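Just so it is clear, the structure is predicted and the values come from calculations on it, not from any experiment. Along the sequence shown, residues carry numbers from 1.
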Amino acid sequence: QQHNRQQVNMLRQAVVRCSRAANQAPQKRTMAGGPFPNNLGVKKNKFIEEWNGRREITEKSFNASGKTVPWIIFLAVVFPYGVYSVTKSELRKTGGRRYDDML
């Protein structure tokens, strides 16, 4: 009798779990999280979806090699300093009012 009660309780719990999962409707995503409904007729672009997927795992797919390290240094150090120096020299030549603020 105890054994039958345990089986009935186990079956009841399984049925409750299944019914909860069946009652919960899957969450539908709206376009860009905005007010547009799902039935707007917009089709997903597979290239955009692939780009989104790659963007989410950039840190896993990034590969620092002999080709990429010089570009990283150039884009992170040399290019910003070049923009700064050109801007500074232009402000110095034109006598811009913000040149004194840069010193």
Side-chain angles (χ1 to χ4, degrees):
Q1 188 175 5
Q2 176 104 10
H3 189 275
N4 286 341
R5 242 185 242 159
Q6 287 177 345
Q7 286 181 340
V8 169
N9 281 339
M10 287 173 50
L11 286 173
R12 185 179 298 142
Q13 288 175 355
V15 168
V16 167
R17 277 192 212 120
C18 291
S19 65
R20 267 193 227 144
N23 286 338
Q24 291 178 348
Q27 182 180 5
K28 291 186 176 183
R29 294 179 63 182
T30 57
M31 282 182 44
F36 303 107
N38 291 327
N39 58 2
L40 194 59
V42 177
K43 296 180 181 172
K44 289 184 178 181
N45 185 332
K46 69 178 183 178
F47 301 107
I48 299 297
E49 294 298 321
E50 181 182 343
W51 179 76
N52 274 337
R54 286 186 160 281
R55 201 180 79 190
E56 291 173 1
I57 59 167
T58 301
E59 71 277 0
K60 294 178 183 173
S61 62
F62 177 73
N63 187 12
S65 66
K67 283 184 175 180
T68 57
V69 171
W71 273 106
I72 292 170
I73 292 171
F74 175 76
L75 292 174
V77 178
V78 176
F79 182 72
Y81 184 75
V83 171
Y84 167 76
S85 62
V86 167
T87 306
K88 183 178 175 182
S89 67
E90 185 175 323
L91 285 173
R92 185 184 306 144
K93 289 177 190 173
T94 59
R97 63 183 175 89
R98 295 188 182 212
Y99 178 69
D100 293 332
D101 295 342
M102 288 178 57
L103 296 179

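- In terms of heavy atoms, A64 sits closest to V69 at CB-CG2, 4.4 Å.
- Residues T68 and N63 share a closest heavy-atom pair of OG1-O, 3.3 Å.
- When all heavy atoms of P70 and G66 are compared, the pair lying nearest together is CD-O, 3.1 Å.
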Side-chain polar contacts of residues 45-55 - donor-acceptor pairs under 3.5 angstrom, sequence neighbours left out - could you list them?
| unit_1 | atom_1 | unit_2 | atom_2 | d |
| --- | --- | --- | --- | --- |
| N45 | OD1 | F47 | N | 2.9 |

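- From N4, atom CG reaches atom CG of N9 across 11.0 Å, with rounding to the nearest 0.5 Å.
- Ring-plane geometry between F74 and W71 is classed as perpendicular, the angle between the planes exceeding 60 degrees on a 0 to 90 degree scale with a lower cut at 30.
- Hydrophobic cluster membership differs between V78 and I72, with clusters built from Ile, Leu, Val, Met, Phe, Trp and Tyr side chains linked at under 4.5 angstrom.
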